[in-house]
Peer 1: 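Supplied in structure tokens, the structure appears directly below.
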Amino acid sequence: MFESFTNYLGKAANRYGVSKEINAIVVCQKFQALVPEIFKEKEGAKEYISAAYYKDSVLVVNVENSAWAQEVIMRKPKIIKEMNNKMGREIIKNLRTKLL
């Protein structure tokens with residue numbers, strides 16, 4: 001009788017052509033939630049690493065300095081794997097860092 005609100009949002013996003021943008025927001029939010037888990041031995045990683053944007057299967061990550069960029073790059077395969085697991089499909093193929 002009633003349709004789930006989340007189903008309605010998905011249909012509305014497709015209808016109005018914003019599904020890519022919504023998907024990008026979800027990817028960025030899930031990355032933010034994953035940062036403390038991936039960098040658990042690094043104090044305050046969440047303050048220095050944040051999602052910039054997601055486009056064309058590439059997640060771009062803002063980092064405070066080159067040291068944090070190196071930390072992200074060293075964990076790149078793990079981050080991609082974990083993000084794809086969280087998204088339930090292979091959605092991220094590459095990850096890049098961007099210095100702030």
Side-chain angles (χ1 to χ4, degrees):
M1 182 172 193
F2 290 103
E3 188 173 347
S4 168
F5 185 67
T6 54
N7 288 343
Y8 175 75
L9 283 178
K11 289 177 183 177
N14 287 332
R15 185 177 314 129
Y16 293 107
V18 294
S19 59
K20 285 184 181 181
E21 289 82 359
I22 291 173
N23 194 37
I25 291 168
V26 170
V27 167
C28 290
Q29 287 176 337
K30 289 192 185 252
F31 175 76
Q32 289 306 123
L34 184 67
V35 168
E37 185 180 319
I38 294 284
F39 298 91
K40 56 186 159 212
E41 75 283 351
K42 299 287 184 184
E43 183 94 17
K46 202 167 186 170
E47 296 172 26
Y48 303 106
I49 302 169
S50 63
Y53 62 90
Y54 168 78
K55 185 177 179 182
D56 299 329
S57 300
V58 177
L59 176 61
V60 177
V61 177
N62 287 329
V63 291
E64 190 70 28
N65 56 45
S66 59
W68 282 109
Q70 186 64 31
E71 292 288 338
V72 170
I73 295 302
M74 288 186 337
R75 291 169 175 82
K76 180 179 175 177
K78 183 176 183 177
I79 293 169
I80 291 172
K81 180 182 175 191
E82 291 295 322
M83 284 297 298
N84 287 334
N85 285 340
K86 285 191 178 286
M87 296 302 294
R89 59 192 165 103
E90 187 178 343
I91 191 166
I92 297 173
K93 297 187 191 279
N94 198 7
L95 182 136
R96 292 190 205 142
T97 58
K98 178 180 163 189
L99 288 174
L100 291 177

Peer 1: Only pairs at least two apart or in different chains count here, so list each ring-ring contact (aromatic ring centres under 6.0 Å, His included) that has a residue in residues 75-100.
Peer 2: none

Peer 1: For K76, what residues pass the side chain to side chain donor-acceptor pair (under 3.5 Å) criterion, not counting sequence neighbours?
Peer 2: N94

Peer 1: So, using salt bridge (Lys or Arg N to Asp or Glu O under 4.0 Å) as the criterion, who are the partners of K93 when residues are at least two apart?
Peer 2: E90

Peer 1: Can you list, by chain and residue number, the hydrophobic cluster partners of V58 when the side-chain cut-off is 4.5 Å?
Peer 2: Y53, V60

Peer 1: According to a 4.5 Å side-chain heavy-atom criterion applied to Ile, Leu, Val, Met, Phe, Trp and Tyr, with indirect links allowed, do V35 and L99 form part of one hydrophobic cluster?
Peer 2: yes

Peer 1: How far apart are the closest heavy atoms of N62 and A52, and which atoms are they?
Peer 2: OD1-CB, 3.4 Å

Peer 1: Do I73 and Y54 belong together in a cluster built from hydrophobic side chains that touch within less than 4.5 Å?
Peer 2: no

Peer 1: Looking only at atom types and distance, does a side-chain atom of N84 sit under 3.5 Å from a main-chain N or O of I80, one as donor and one as acceptor?
Peer 2: yes

Peer 1: Just to verify, what does R75 make a salt bridge (Lys or Arg N to Asp or Glu O under 4.0 Å) with, not counting sequence neighbours?
Peer 2: E41, E71

Peer 1: Are V26 and I79 connected, step by step, through hydrophobic side chains (Ile, Leu, Val, Met, Phe, Trp, Tyr) whose heavy atoms are closer than 4.5 Å?
Peer 2: yes

Peer 1: I need the full list of ring-ring contact (aromatic ring centres under 6.0 Å, His included) pairs touching residues 57-86, with sequence neighbours left out, sorted by first then second residue.
Peer 2: Y48-W68

Peer 1: What distance do F31 atom CZ and L59 atom CG have between them, rounded to the nearest 0.5 Å?
Peer 2: 6.0 Å

Peer 1: Per the salt bridge (Lys or Arg N to Asp or Glu O under 4.0 Å) rule, what does the pair list look like for residues 16-29, sequence neighbours excluded?
Peer 2: none

Peer 1: Tell me every residue that passes side chain to side chain contact (heavy atoms under 4.5 Å, CB included) with K86, counting only those two or more places apart in sequence or in another chain.
Peer 2: K30, L34, E37

Peer 1: Measuring from atom NZ of K98 to atom OG of S50, what distance do you get when rounded to the nearest 0.5 angstrom?
Peer 2: 9.5 Å

Peer 1: Quick one: side chain to side chain contact (heavy atoms under 4.5 Å, CB included) partners of E43, sequence neighbours excluded?
Peer 2: none

Peer 1: If a pair satisfies salt bridge (Lys or Arg N to Asp or Glu O under 4.0 Å) and one of its residues is in residues 48-68, list it, with sequence neighbours excluded.
Peer 2: none

Peer 1: Which atom names give the shortest non-hydrogen contact between P36 and K46, and what distance separates them?
Peer 2: CG-CD, 4.0 Å

Peer 1: With ring-ring contact (aromatic ring centres under 6.0 Å, His included) as the rule and sequence neighbours excluded, what pairs involving residues 79-100 come up?
Peer 2: none

Peer 1: Checking K81 now: which residues fulfil side chain to side chain contact (heavy atoms under 4.5 Å, CB included) with it, not counting sequence neighbours?
Peer 2: N85

Peer 1: With a 4.5 Å heavy-atom cut-off, do N23 and I91 have their side chains touching?
Peer 2: yes

